[in-house]
Amino acid sequence: MHIAAKLCLMNFALTKLEQSLSSIEIKHCTNKVGPEPQSIFGVPLGSCVQDAKHGHVPLIVKHLVEYLEETGLNHKGLFRISGSATKIKTLKQKYDRGEEVDLVHEGDVDSAASLLKLFLNELPVAVFPDNTCAAILATFEDNTNHIAECTRCLKTLLSDLPKAHYHLFHYLVMFLAKVSLHSDVNHMTVENLAIVFGPTLFRIPCSPLACEKQTFCNSVLLHALRNYEELLVGPDSHFSMAEDTNPQKMSAKSI
């Protein structure tokens with residue numbers, strides 16, 4: 001009887017175990033295992049900044065700028081004419097999936113220009129963070145009629161930017177200044193560039209004074225474009241936007 005009782009208990013335990021196992025839902029994954037793609041758009045600027053050999057700027061920015069510098073400086077309406085929405089979406093997805101992007105065969109000037117603005121617009125924190133933006137507004141409001149003082153104060157405020165933000169601003173201003181040199185053809189004077197890029201670099205919260213503040217920020221950018229040689233001096237002021245990297249073809253895996 002003792003052995004029979006033990007066998008009975010063992011059978012009962014096995015039955016309960018089988019019932020427990022049968023209640024477990026097993027999900028079969030049909031996707032192949034592999035590294036997840038690293039998003040390029042919408043991530044903090046510090047997360048996608050490259051090392052010194054890439055000019056301390058995100059490689060996607062360098063890729064787009066070099067392509068535009070190569071093919072778009074004499075393009076009428078540069079940065080004012082939107083590219084194909086379908087093409088922009090496709091190129092953005094390829095960058096985010098880490099695929100090779102060939103702008104010559106897959107893109108065009110307007111799409112590349114739109115992608116550059118889109119990348120800047122989707123940064124979680126603007127190139128000029130809120131605290132810096134507020135300080136710049138206060139400084140320029142107090143020194144509107146003193147250009148030399150505005151330049152001195154702006155130079156100080158720029159030096160206080162996070163390094164990733166400063167390097168990107170520096171890189172963009174140098175490029176936009178070059179764009180303006182071709183304004184007789186592309187119609188993008190420094191005034192027009194400040195209007196286009198002001199809302200991208202400075203994000204003004206909605207308020208009754210938002211329009212006025214945005215106009216003021218555009219004026220600050222205009223001041224920077226007109227005085228970049230004096231503002232952006234230092235170890236980075238000499239770096240070139242035309243290095244040996246092929247500006248037409250890039251794999252986003254290296255970003």
Side-chain angles (χ1 to χ4, degrees), residues 41-49 55-58 61-62 64-65 79-80 113 116-181 183 188-239 241:
F41 289 80
V43 301
L45 189 54
S47 300
C48 54
V49 170
H56 298 285
V57 296
V61 173
K62 187 171 186 291
L64 292 168
V65 164
F79 292 119
R80 298 190 78 172
L116 178 60
K117 290 191 295 182
L118 181 63
F119 174 82
L120 297 172
N121 282 325
E122 291 194 357
L123 288 172
V125 177
V127 174
F128 284 94
D130 291 344
N131 60 331
T132 305
C133 182
I136 288 176
L137 283 172
T139 298
F140 269 68
E141 286 172 352
D142 293 338
N143 298 282
T144 304
N145 299 318
H146 301 85
I147 302 301
E149 183 64 15
C150 284
T151 301
R152 186 190 68 78
C153 292
L154 182 56
K155 189 173 180 179
T156 300
L157 290 169
L158 288 174
S159 67
D160 291 335
L161 280 173
K163 286 186 178 181
H165 292 246
Y166 174 80
H167 289 307
L168 179 56
F169 177 71
H170 187 169
Y171 192 85
L172 289 171
V173 166
M174 299 294 285
F175 169 61
L176 295 179
K178 188 174 292 187
V179 170
S180 70
L181 295 178
S183 61
M188 294 306 292
T189 61
V190 287
E191 290 82 4
N192 287 338
L193 288 167
I195 291 172
V196 170
F197 279 88
T200 297
L201 303 182
F202 301 87
R203 295 184 192 159
I204 304 299
C206 292
S207 73
L209 297 176
C211 185
E212 181 182 343
K213 289 183 178 181
Q214 186 60 67
T215 301
F216 216 89
C217 286
N218 294 351
S219 299
V220 173
L221 179 56
L222 177 60
H223 180 82
L225 290 171
R226 285 174 171 169
N227 299 276
Y228 70 91
E229 291 182 331
E230 185 176 353
L231 280 171
L232 303 175
V233 294
D236 294 318
S237 60
H238 66 277
F239 79 80
M241 290 183 287

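Keep in mind the model is a prediction, meaning the values are calculated, not measured. Residue indices begin at 1 and follow the sequence shown.
Atoms CG and CG, on L168 and L45 in that order, are 5.5 Å from each other to the nearest 0.5 Å. Here the CG atom belonging to L116 is positioned 8.5 Å from the OG1 atom belonging to T200, to the nearest 0.5 angstrom. Separating the CG atom in L123 from the OG atom in S47 is a distance of 10.5 Å, to the nearest 0.5 Å. The line from CD1 of I136 to CG of L161 is 6.5 Å long, rounded to the nearest 0.5 Å. Put simply, SG on C133 and CG on L157 are 11.0 Å apart, with the number rounded to the nearest 0.5 Å. We find the CD-CG distance between E212 and L137 to be 10.0 Å, quoted to the nearest 0.5 Å.
Between A194 and P199, the closest heavy-atom pair is O-CD, 4.4 Å. Of all non-hydrogen atoms in L120 and F197, the two that sit nearest each other are CD1-CE2, 4.1 Å. Of all non-hydrogen atoms in Y228 and M174, the two that sit nearest each other are CD1-SD, 3.8 Å. Looking at every heavy atom in both residues, V196 comes nearest to R80 through CG2-CG, 4.1 Å. What you find for R203 and P124 is that their closest heavy atoms are NH1-O, 3.8 Å. Across all non-hydrogen atoms, the minimal contact from L193 to L221 is O-CD2, 4.3 Å.
Note on ring orientation: taking the six-membered ring where Trp is involved, the planes of H167 and H56 are parallel (angle under 30°, cut-offs 30° and 60°). Ring planes of F175 and F79: perpendicular class, angle over 60° (limits at 30 and 60°).
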Open item on the list: Quick one, F128 with L158, criterion side-chain contact (heavy atoms from CB on, under 4.5 Å). Give me CA distance, side-chain angles, the key distance, then yes/no.
Closed with: CA-CA 9 Å; F128 284 94; L158 288 174; 3.6 Å; yes
Open item on the list: What verdict does the side-chain contact (heavy atoms from CB on, under 4.5 Å) test give for N227 and L154, after you've listed the backbone C-alpha separation in whole Å, the side-chain angles of each residue and the deciding distance to 0.1 Å?
Closed with: CA-CA 11 Å; N227 299 276; L154 182 56; over 6 Å; no
- [ ] Could you give me the CA-CA distance, side-chain angles and deciding distance for Q214 and C217, then say whether side-chain contact (heavy atoms from CB on, under 4.5 Å) is met?
- [x] CA-CA 5 Å; Q214 186 60 67; C217 286; 4.0 Å; yes
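A donor-acceptor contact shorter than 3.5 Å is absent between the side chain of H170 and the backbone of H165. With T139 contributing its side chain and A135 its backbone, the two residues share a donor-acceptor pair below 3.5 Å.
Only one option out of L181, I195, V179 pairs with M188 in a side chain to side chain contact (heavy atoms under 4.5 Å, CB included); it is V179.
Residue pairs satisfying the salt bridge (charged side-chain N to carboxylate O under 4.0 Å, His left out) criterion with at least one member in residues 190-202, sequence neighbours excluded, are listed as follows: E191-R226. For residues 120-140, every residue pair satisfying the salt bridge (charged side-chain N to carboxylate O under 4.0 Å, His left out) rule, not counting sequence neighbours, is listed here: K92-E122.
When the side chain to side chain donor-acceptor pair (under 3.5 Å) test is applied to T132, no partner is found at least two apart in sequence or on another chain. With sequence neighbours left out, A210 forms a side chain to side chain contact (heavy atoms under 4.5 Å, CB included) with I204, S207. Every side chain to side chain donor-acceptor pair (under 3.5 Å) that R152 has, sequence neighbours left out, goes to E149. Considering only residues two or more places apart in sequence or on other chains, S183 meets the side chain to side chain contact (heavy atoms under 4.5 Å, CB included) condition with N186, T189.
Taking the ring centroids of F202 and F216, they lie at or beyond the 6.0 Å cut-off.
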